[in-house]
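Accompanying notes for the structure given below.
Every chain is numbered from 1, with letters handed out A, B, ... down the list of sequences.
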Amino acid sequence: MPLRPAARSPVSTPAMRLDKAYDPSAIEPAWAERWVSEGLFRAEAASAKPAFSLVIPPPNVTGALHMGHMFETSQVDITMRWQRMKGRNVLWLPGTDHAGIATQMLVERQLAKEGTDRRSLGREQFLERVWAWKETYGGKIAGQLKRVGASCDWSRERFTMDPGLSRAVTECFVRLYERGLIYRGEYMVNWDPGTQTAISDLEVEYETRQGHLWHLRYPVSGSDVDSVVVATTRPETMLGDTAVAVHPDDPRYKHLRGRSVTLPLVGRSLPVIRDAFVDPDFGTGIVKVTPAHDPNDFAAGQRHGLEVIPVLDDRARINARGGRYEGLDRYEARERVVRDLRALGLIERVEDYTNSIGVSQRSGEAVEPMVSTQWFVRAKPLAVAAIRAVENGSTAILPEQWERNYFEWMRNIRDWCISRQLWWGHQIPAWHLEDGTFVVARTEEEARREAASRGLAVTRRETDVLDTWFSSGLWPFSTMGWPDETEDLKAFYPTSLLNTGFDILFFWVARMMMLGIAMTGEAPFAKVFIHGLVRDAGKQKMSKTKGNVVDPIEMTNRYGTDAVRFALVASAGQGSDVVLKEERIAGYRTFANKIWNALRFVGISLEKAGADVWTPQDLASFRPLPDEATGEVSLADRWIFSRLNSVSAEANRQIDEFRYHEVAGTLYHFFWHEFCDWYIELKKISFADGTGLTAGWKNMLAATERSLRLLHPVMPFITEDLWQRISANTPGRPKSIALAAYPEPDPGDSDPEAERQIGILRELVTAARNLRAELSLPPRDLFRGTVFSEVRAVREVANGQPEALRRLAGVELAAKEGKAEAGGAMGHATEFDLALAIPENRMAAMRAKLEKQLGQLERAAQGARSRLRNEDFVSKAPALVVESLRGKLGDYDSRLERIRKTLAGL
RNA sequence: GGGCGGCUAGCUCAGUUGGUCAGAGCGCCUGUCUUACAAGCAGGAGGCCGCCGGUUCGAAUCCGGCGCCGCCCACCA
């Protein structure tokens with residue numbers, strides 16, 4: 001009997017009695033579950049093996065797996081499985097992010113449906129609701145990652161609001177505060193009226209919108225005739241104006257020095273200040289100054305000691321300072337202010353104007369610059385260290401082009417507003433005191449002690465929570481138990497690699513670099529690999545609003561995970577975007593089917609051979625066995641092991657360098673176009689003629705097994721399933737292919753002679769097939785022919801492989817030394833001419849074919865000749881290049897001559 | 001305003017240090033249901049590598065300029 005049913009396989013089919021068509025859905029879910037339940041991917045805290053670690057970019061707990069995750073996961077999984085197979089102690093740490101605003105909004109929407117809201121629930125009850133939501137629905141993405149076979153260590157799964165991670169957040173906050181790197185103060189921030197919280201600069205997206213530029217006339221105080229005209233895109237903010245400004249050198253407004261103007265509608269007197277921030281060429285060269293609602297004006301206000309008059313509230317409605325406009329939304333107020341000014345004749349003119357306005361990434365509402373008391377991280381000192389880490393190579397950012405963006409951003413970094421007026425998140429560990437000051441402490445007890453030592457009482461805890469990215473910024477080490485000096489930290493920090501998208505380079509990677517170095521003294525990653533975006537077939541970015549998202553799980557169910565991940569990694573050059581087409585996924589399902597059927601052949605042929613059960617002790621170091629009769633390893637076996645050697649070398653290098661699309665291509669080409677197209681076809685022949693059976697099938701089995709291991713990181717499911725079947729009888733094998741050794745190149749398998757001979761065979765077969773196709777010879781007929789060649793090896797192959805030539809090309813050939821004789825159906829290759837005995841009525845087709853060839857060759861020869869006539873080329877180009885061109889030309893010429901002779905003989 | 005990336009076969013893209021680099025997959029055309037696979041097999045057509053200059057014996061590859069396309073950053077009222 002051939003191979004036994006794989007006892008461990010979750011599939012019920014007997015070992016190698018495979019169905020004709022591969023059905024991924026029949027095996028994938030079972031393996032996915034098994035990998036997790038057996039804890040196959042658990043990292044060891046204490047291990048003699050070198051560690052390789054990576055933390056997952058934690059997806060939002062509200063999220064579902066999208067193609068971007070799938071792409072990233074596929075790349076990472078290739079690297080992780082490869083590292084594991086290479087004997088590393090691999091940690092891939094999974095988890096999710098609490099996603100402050102997103103999650104809070106989601107639960108708030110739920111409450112709204114119930115007719116209530118968070119304020120009526122109160123903070124404590126609301127948070128209970130969010131936690132309940134998280135417990136019920138928060139595990140979705142983890143389940144999906146498991147389904148697609150991500151080889152994470154699920155025993156180490158983390159959530160950014162786990163107690164341990166929250167402790168790390170507090171610790172980090174306190175340490176930064178103690179070092180003077182966190183401060184609280186009243187500054188201009190981006191206020192999101194939608195979510196009613198401050199947001200960071202990064203959370204503001206800019207959109208260009210069609211608006212207007214209103215020219216408003218402000219009368220000069222103490223004059224009935226003099227007035228100035230200011231231009232603004234936001235007339236409603238005039239209610240908060242506290243000055244107008246001109247450029248100090250602007251000659252047009254020298255007379256305004258020391259004067260003031262009167263703010264219409266309000267009546268306030270505004271000084272005319274002189275400041276270089278004014279662009280004299282814009283508008284009228286005079287600008288209204290609203291320190292409370294414009295960042296530039298705020299800065300100017302500080303320089304000139306202007307009063308800050310906020311006129312908008314948290315929802316961007318006009319507040320009490322706005323007098324009769326109080327209660328109006330900012331846009332309504334704009335219309336009313338314009339109308340009222342127009343009534344007073346103070347609208348000089350209105351221009352159409354395109355400007356870019358800041359929009360909240362979360363709520364989509366226009367961000368309002370507002371002065372507000374918030375908490376900030378002093379970013380510069382942190383950035384200095386983060387820049388140095390990349391400069392000195394502690395961390396490599398790949399592809400290198402991204403380094404520049406990183407440096408650019410880090411060098412121009414501004415302070416980071418980290419407080420959010422939300423409830424869901426890490427509450428800032430600060431306590432306010434009765435005198436209006438505050439203390440920062442790890443616990444409330446500590447805060448009270450501290451306060452008491454200053455003779456003060458604590459009045460309340462700070463209600464603001466931290467920006468989600470603050471806790472994500474600690475992810476590489478908070479997940480490993482920091483601030484304690486845990487075994488995990490010692491073993492796995494700094495991590496080996498981070499694989500993430502450029503869209504969160506600043507949000508996340510940059511913050512991890514800064515906070516990681518500040519807290520641990522070490523940059524959190526040795527390498528950062530930045531991947532591209534997944535786009536739809538029309539190159540559009542996938543987004544829910546566009547409705548063009550392709551659900552990876554749906555694709556997975558339809559085509560199999562292996563096909564989806566193969567399509568993703570094979571479609572993306574290093575760091576470039578993926579344009580995902582469903583046909584491409586379908587194409588790789590075909591590849592999986594090809595693998596399946598190759599193994600089906602292996603099973604069937606072993607069964608036919610009636611071979612006894614074979615229990616190779618060590619497939620990993622297997623060397624092809626000699627045929628019992630001849631005492632020699634068969635040519636096909638020598639060849640495939642030689643190829644396996646080269647392919648192993650390539651695959652190892654390509655994965656190591658994150659050239660995922662290349663390793664996909666290498667393995668695809670090897671397995672389909674070498675293993676299947678030639679190796680299996682040759683094995684069929686040797687099995688058919690009944691020679692060297694035992695060694696032959698053992699060798700094939702070992703080559704197959706090695707191929708599966710090569711493919712495993714890229715196609716984990718199908719390789720696991722098939723590997724389980726073919727290795728079922730191997731004693732002492734690992735319990736999963738994922739724990740087997742990745743094939744290393746072995747120079748002992750390199751066999752140039754075998755590669756040369758198979759190369760010749762392929763050329764002979766191809767030449768014969770080509771002739772047959774071009775001349776429309778009947779597919780089933782066998783044709784006799786002669787191979788003319790000066791090359792001994794060619795004649796040897798032509799004479800020595802009659803079965804292969806007959807079965808693969810339908811020809812019976814005799815080899816002759818020397819050049820082709822004229823006439824007949826003739827194929828010409830570099831090293832040989834092939835003459836086939838064919839029916840007379842095909843000669844016209846033959847002539848056409850040869851004439852076409854003649855033309856091509858003449859052009860090639862022409863080109864080579866003219867280059868060789870060029871003395872500069874001959875004298876300056878390396879001798880090797882010149883020689884090879886000479887050889888090529890000689891070859892062209894001799895082929896031309898032979899073709900002409902053949903044509904003449906027709 | 002600054003910066004980055006792209007422009008290669010009908011489509012989507014590879015081409016690592018300049019000399020078999022003009023490629024792959026899909027699509028297309030022709031033949032073929034040969035018992036591993038028709039989701040297959042065999043063969044084939046198709047491209048002045050965006051444009052213009054330059055460096056070089058030699059450029060898809062290096063340099064400069066231009067043209068589209070996309071993205072990022074920036075406090076242009």
Side-chain angles (χ1 to χ4, degrees), chain A residues 18 20-22 188 201 206 213 230-234 237 245 277-279 281-284 286-290 294-300 353 355-356 358 369 399 401-402 404-405 408-409 412 414 502-503 505-506 532-533 537 539 541 559 567 570-581 583-584 586-605 653-654 657 659 661-662 665 668-669 676-677 680-681 684 765-766 769-774 776-780 807-810 867 870-878 880-882 884-885 888:
Chain A
L18 303 180
K20 198 167 171 180
Y22 172 52
M188 175 121 310
D201 295 338
Y206 289 88
L213 194 59
V230 298
T232 179
T233 54
R234 304 207 46 198
T237 62
F277 91 101
V278 179
D279 175 3
D281 298 328
F282 187 90
T284 56
I286 304 191
V287 59
K288 62 193 267 309
V289 180
T290 322
D294 181 277
N296 273 323
D297 294 0
F298 180 74
Y353 190 72
N355 59 343
S356 90
Q401 69 205 57
W402 289 107
R404 203 178 164 132
N405 287 51
E408 201 60 28
W409 189 78
N412 299 310
R414 291 181 304 166
F502 60 82
D503 49 332
L505 182 60
F506 305 141
L533 243 54
K539 290 190 174 186
K541 198 168 161 178
Y559 300 103
S571 311
Q574 223 180 15
S576 66
D577 288 355
V578 184
V579 176
L580 187 66
K581 297 194 163 188
E583 310 92 80
R584 188 106 193 227
Y588 291 113
R589 174 187 57 182
T590 306
F591 180 50
N593 191 56
K594 187 76 182 173
I595 298 171
W596 182 262
N597 274 288
L599 270 286
R600 187 159 174 263
F601 169 77
V602 171
I604 289 172
S605 57
R653 184 180 51 79
Q654 289 163 340
E657 293 172 0
R659 301 174 174 278
H661 75 282
E662 285 186 20
Y668 180 94
H669 183 265
C676 291
D677 288 354
I680 284 187
E681 292 308 318
K684 280 181 187 170
V765 168
T766 304
R769 283 172 174 171
N770 179 286
L771 267 181
R772 300 185 61 120
E774 295 272 333
S776 304
L777 301 182
R780 290 174 181 282
R807 305 224 349 184
L808 299 178
R867 282 176 71 193
N870 182 339
E871 267 180 43
D872 281 334
F873 171 71
V874 177
S875 60
K876 290 184 183 166
L880 212 69
V881 174
V882 178
S884 98
L885 190 62
K888 226 182 273 182

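Taking atom CG on Asp279(A) and atom P on G1(B), their separation rounds to 13 Å, with Å as the unit. In this structure, CZ of Arg584(A) is placed 8 Å from C1' of C26(B), rounded to the nearest angstrom. In this structure, the CG atom of Asp677(A) is 10 Å from the C1' atom of A42(B), given to the nearest Å. Atom CG of Asn870(A) and atom P of G58(B) are 7 Å apart (whole Å).
With a cut-off of 3.5 Å on both pairing distances, U34(B) has no Watson-Crick or G-U wobble partner at all. Look at A45(B): it lacks any Watson-Crick or wobble partner with both distances under 3.5 angstrom.
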Checklist entry - Does the side chain to side chain contact (heavy atoms under 4.5 Å, CB included) test come out yes or no for Glu774(A) and Asn770(A), once each step is laid out? => result CA-CA 6 Å; Glu774(A) 295 272 333; Asn770(A) 179 286; 3.5 Å; yes
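Residue contacts shown for Tyr353(A) are limited to sugar-phosphate atoms, with no base heavy atom under 4.0 Å away. Within 4.0 Å of Arg769(A), counting heavy atoms only, lie sugar-phosphate atoms of the nucleic acid but no base atom. As judged by a 4.0 angstrom heavy-atom cut-off over every strand, Ser356(A) is placed among residues making no nucleic acid contact. Among the heavy atoms of the strands lying under 4.0 Å from Arg780(A) are primed sugar atoms or P, OP1, OP2 only; no base atom is included. No contact: Leu880(A) has no heavy atom under 4.0 Å from any strand. Heavy atoms of Val287(A) sit under 4.0 angstrom from at least one base atom.
Between Arg653(A) and Glu657(A) there is a salt bridge, with a side-chain nitrogen of the basic residue lying less than 4.0 Å from a carboxylate oxygen of the acidic one.
Between Tyr353(A) and Phe282(A), the ring planes are perpendicular. Angles over 60° get that label, and only those under 30° would be called parallel.
The two residues Tyr206(A) and Ser356(A) make their nearest non-hydrogen contact at CD2-OG, 3.9 Å.
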Could you pull out the protein-nucleic contacts involving nucleotides 4-8 of chain B (nitrogen or oxygen on both sides, under 3.5 Å)?
| unit_1 | atom_1 | unit_2 | atom_2 | d |
| --- | --- | --- | --- | --- |
| C4(B) | OP1 | Arg404(A) | NH1 | 3.3 |
| C4(B) | OP1 | Arg404(A) | NH2 | 3.4 |

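A gap of 42 Å separates the C1' atoms of C26(B) and A74(B), to the nearest Å. Atom P of G46(B) sits at a distance of 16 Å from the matching atom of U30(B), rounded to the whole Å.
Cation-pi contact between Arg867(A) and Phe873(A): present, with separation from the ring centre below 6.0 Å and deviation from the ring axis of at most 45°.
Remark: the Glu583(A) side chain and the A39(B) base include no donor-acceptor N/O pair separated by less than 3.5 Å. Between the side chain of Lys20(A) and the base of C37(B) there is no donor-acceptor pair of N/O atoms closer than 3.5 Å.
Counting only N and O atoms by type, the side chains of Lys288(A) and Thr237(A) include a donor and acceptor under 3.5 Å apart.
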